[in-house]
Amino acid sequence: MKRTHTCSQLRDTDIDQEVVLMGWVQHRRDHGGVVFIDLRDKNGITQIVFNPVISGNVHGKAQELRNEYVIGIRGKVAARPGDMRNPNMETGAIEILVEELKIFSQAKTPAFQIDERVDASETVRLQYRYLDLRRPQLKKNILDRHKATMAIRNYLDNNGFIDIETPFLTKSTPEGARDYLVPSRVNQGEFYALPQSPQLFKQLLMIAGFERYYQIVRCFRDEDLRADRQPEFTQIDMELSFVDEHEIMKIAEEMIRNLFKQVLGSDLALSFPQITYDEAIDRFGLDRPDLRFGLELCNVSDIVKDAGFKVFANMVKNGGLVKAINAKGCANFTRKQIDELTAFTSIYKAKGLAWIKIKEDQWQSPIAKFFTDDEKNALAQRLDLEPGDIVFFVADQPKITNEALGQLRNELGRRLELISDDVFEFIWVTQFPLFDYDETEKRYHSPHHPFTAPLETDIDKLTTAPLEIKSRAYDLVLNGIEIGGGSIRIHDTKLQEKVFNCLGIDNEEAQEKFGFLLEALASGAPPHGGIAFGLDRLMMILCKEDSIRNVIAFPKTQKATCLLTDAPSKAAPAQLQELAIKVSKIEG
RNA sequence: GGGGGUGUAGUUCAGUUUGGUUAGAACGCUUGCCUGUCACGCAAGAGGUCGCGAGUUCGAGUCUCGUCACUCCCGCCA
């Protein structure tokens, strides 16, 4: 028996053909006489019919069939009688009159129904992932992911990028995320680290002269999980020589546009808007603004700096920041809703959420009485206050004010249903700070990574004002989620050493940890830069999913376990002995 | 490390507020009937460690404490 067609192919133009289909029993409808079965394969579903008039033998055997049995059938394509056609099925005009049935394998009753209309908990879905992958939603996501990676490979190949593999068993790098370690048997007591990204290798490939590199590559970070974070995830990793940030962004845009065209058939704008980090923080409070709705933040520190409301005034005097959001037309928020929003902002360390409801004749608010008429007028003008509005204020240290109010903006967007997942709003965020200051460790720190180039105009601030230096780094943000980021790298040994020094890494330590990179940079390094996209996050948005688990074939749970294979698990004593590893339980 | 949610039949859930007879429903499953269904229909039936462990009580799915799993978030994630 040799398959002639898939279960999505046959139409009423194929009537009277003799065909062989193979697949899974999606559903069985036994009428005692005639038996209908929906046969499912990767591509679709076709109804097959067992009729005792055609073959009593085969009809009898069909009694054995149950859901998810795997079968092959030979039969003739027949038109369905006019009113028996199913307009909801692609193949609804025809059916197969079965003449021969082969049962390839029987199937236990599945743990959950293979039907998108029936829910199953994530626990049981992960445990029987191969069953969940049979269902339309996950199957479509995985197929779309394939389309996306094909679009990426085609685009990059057509533009001179070389796919080069880099090691998984590599060296632990300081800074950054916690590493996954792999013990070395041959070198007892020593460990490889799985790469958090191929960052240094792709720079070495530029120094090696490949000029354009890409890789769709697994990366590993041993940090706590989130809906959009798995311990192993996939990057579309790219690096280019002899280019500046504008060229890299242009190529990245074209690649993304190509991908959306191939996967969704939709046309994105020819270029994506750009915003500096400082402006993003100022207007949206976050470095990953969701542009699908307005509700921008408004700085009112100058207006309230002398106000009778001391919480605001003192905050400004002590270097704090007072910002506000006008939620247009939401003066009907209840006390309960306001309390919920207050609790929401407290997650992000805001000490309070002040509010004013704008009524026709007055301001209703616990704090309105503290403002002079001049201050009220200034606020009304700055915030475009009109009757029916409610305005929310956060007064705190700048980092907290921006974070809390930025998150509140997103929450309001969700609550007011201003956000559609049918819309794709891209934006580049540029000129990130080169350093931030780690209060606990009392030292500078790279928000991106220590190989990021500073703006040329800021280089002389390395010794005078490191925190004011802007970098040649850029992130691509889609619907409020960072889907990619990169930078122009430092290709000059001297500059790289200066940056290390700023980070508190002296020459000796730099030699020990990054000596191979410094050596390479000193061996003829072209100007270069690159970008890496989170494929899982990109697919999550494209597939309108809430979690990257739904675009990964075999994801892990929040405790980084695999419910299907039961990984991780204990190692056999002999394995540990070979590795010279002794496991001791660490007491809490 | 911290905060929130969930855990009852194979699956999804109700029941927990206010402790009390035999823990229900739907889907699925099994058996029988049924020749035009397509979430077929009809009839009958099986199916429960109420996550686990202590405790309170005459009595715990329900109350208390602990614990485990899944999940969302904070911290963390260059």
Side-chain angles (χ1 to χ4, degrees), chain A residues 26-39 45-54 59 63 66-68 78 80-89 91-92 95 97 108-128 131-132 173-179 196-197 199-200 219-231 233 340 343-350 403-404 407 411 432 434-436 438 440 444-452 471 473 482 485 487 499 503 505 532 534 546-547 549 556-559 561 563 588:
Chain A
Q26 171 71 31
H27 206 69
R28 179 176 66 113
R29 293 178 293 279
D30 185 349
H31 285 244
V34 67
V35 176
F36 299 98
I37 283 186
D38 292 334
L39 188 67
I45 289 177
T46 295
Q47 174 167 285
I48 62 178
V49 187
F50 296 85
N51 193 318
V53 174
I54 291 171
H59 177 261
Q63 303 298 317
R66 295 292 181 272
N67 284 351
E68 301 307 313
R80 297 200 201 177
D83 55 341
M84 303 305 165
R85 293 179 166 223
N86 186 341
N88 301 319
M89 282 174 80
T91 58
E95 61 195 5
L97 307 178
K108 295 204 299 189
T109 301
F112 53 89
Q113 288 166 252
I114 312 300
D115 185 331
E116 60 186 332
R117 288 166 301 222
V118 179
D119 267 353
S121 72
E122 183 136 26
T123 312
V124 77
R125 288 173 47 209
L126 287 172
Q127 194 177 346
Y128 301 94
L131 296 182
D132 204 14
T173 49
E175 312 225 14
R178 192 177 296 111
D179 286 316
Q196 298 175 24
S197 84
Q199 179 61 35
L200 293 176
C219 302
F220 306 86
R221 295 179 190 176
D222 187 5
E223 297 291 349
D224 286 347
L225 285 77
R226 290 283 190 282
D228 63 353
R229 275 165 33 188
Q230 285 269 306
F233 62 99
E340 284 168 2
F344 179 83
T345 52
S346 75
I347 295 172
Y348 303 97
K349 308 279 190 294
E403 169 85 7
Q407 295 287 1
E411 177 68 10
F432 280 75
L434 189 66
F435 302 115
D436 53 22
D438 188 323
T440 48
Y444 296 113
H445 169 265
S446 297
H448 200 58
H449 58 59
F451 319 110
T452 301
S471 71
E482 181 205 326
S487 64
V499 169
L503 291 168
I505 303 173
D546 294 325
S547 161
R549 291 189 299 279
K556 297 203 167 36
T557 68
Q558 195 165 43
K559 280 192 71 188
T561 65
L563 296 180

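Every chain is numbered from 1, with letters handed out A, B, ... down the list of sequences. None of these values were measured; they are calculated from a predicted model.
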Applying a 4.0 Å non-hydrogen cut-off, can you work out what [X] is touching in the nucleic acid: base, sugar-phosphate, or nothing?
| X | result |
| --- | --- |
| A/Ser197 | base |
| A/Val53 | base |
| A/Asn51 | base |

Using atom [atom1] of each nucleotide, how far apart are [N] and [M] to the nearest Å?
| N | M | atom1 | answer |
| --- | --- | --- | --- |
| B/rU67 | B/rA60 | P | 23 Å |
| B/rU8 | B/rA14 | C1' | 10 Å |
| B/rA23 | B/rG48 | P | 12 Å |
| B/rA54 | B/rC68 | C1' | 14 Å |
| B/rC63 | B/rU16 | C1' | 10 Å |
| B/rA69 | B/rU18 | P | 31 Å |

Test item: A/Val49 and A/Val34 side chains (from C-beta on) under 4.5 Å apart, heavy atoms =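 Sidechains of A/Val34 and A/Val49: in contact.
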
- Message: Using side-chain heavy atoms (C-beta onward) and a distance below 4.5 Å, is A/Glu411 in contact with A/Glu340?
- Response: no

From the list [options], which nucleotide is the closest neighbour of the side chain of [X]?
| X | options | result |
| --- | --- | --- |
| A/Ala111 | B/rU30, B/rG10, B/rU35 | B/rG10 |
| A/Asp119 | B/rC27, B/rU35, B/rU12 | B/rU12 |
| A/Arg29 | B/rG10, B/rG36, B/rC38 | B/rC38 |
| A/Glu95 | B/rG10, B/rU37, B/rU12 | B/rU37 |
| A/Val124 | B/rU11, B/rG36, B/rU30 | B/rU11 |
| A/Asp30 | B/rC77, B/rG28, B/rC34 | B/rC34 |

### Message
Looking at A/Asn86 and B/rC38, is any side-chain donor or acceptor paired with a base atom of the opposite kind under 3.5 Å?
### Response
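Checked by distance alone, the answer is yes.
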
Q) Quick one: the side chain of A/Arg80 and the base of B/rC38, do they pair up donor-acceptor inside 3.5 Å? A)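 Answer yes: a donor N or O sits under 3.5 Å from an acceptor.
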
Protein and nucleotides 70-75 of chain B: nitrogen or oxygen contacts under 3.5 angstrom:
| residue | atom | partner | partner atom | Å |
| --- | --- | --- | --- | --- |
| B/rC70 | OP1 | A/Thr557 | OG1 | 3.2 |
| B/rC70 | OP1 | A/Thr561 | OG1 | 3.2 |
| B/rC70 | O2' | A/Thr123 | OG1 | 3.4 |
| B/rU71 | OP2 | A/Gln558 | N | 2.6 |
| B/rU71 | O3' | A/Arg549 | NH2 | 3.3 |
| B/rC72 | OP1 | A/Arg549 | NH1 | 3.2 |
| B/rC72 | OP1 | A/Arg549 | NH2 | 2.8 |
| B/rC73 | OP2 | A/Ala227 | N | 3.3 |
| B/rC74 | OP2 | A/Arg226 | NE | 2.9 |
| B/rC74 | O2' | A/Lys349 | NZ | 3.2 |
| B/rG75 | N7 | A/Arg226 | NH2 | 2.8 |
| B/rG75 | O6 | A/Arg226 | NH1 | 2.9 |
| B/rG75 | O6 | A/Arg226 | NH2 | 3.1 |
| B/rG75 | N1 | A/Asp224 | OD2 | 2.6 |
| B/rG75 | N2 | A/Asp224 | OD2 | 3.1 |

Output yes if the stacking criterion (under 5.5 Å between centres, under 30° between planes) is met for A/Phe112 over the base of B/rU11, else no.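 Taking the rule of under 5.5 Å and under 30°, the ring of A/Phe112 does not stack on B/rU11.
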
When rounded to the nearest 0.5 angstrom, what distance separates CG in A/Asn67 from CD1 in A/Ile114?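 If I round to the nearest 0.5 Å, the distance is 8.5 Å.
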
B/rA26 phosphate, OP1 or OP2: any side-chain N/O from A/Arg117 under 4.0 angstrom? no

If you draw a 6.0 Å radius around CZ in A/Phe344, do more than 12 non-hydrogen atoms from other residues or ligands fall strictly inside?
yes

- [ ] Kindly determine whether A/His59 and A/Val35 satisfy side chain to side chain contact (heavy atoms under 4.5 Å, CB included), including the steps that lead there.
- [x] CA-CA 8 Å; A/His59 177 261; A/Val35 176; 3.7 Å; yes

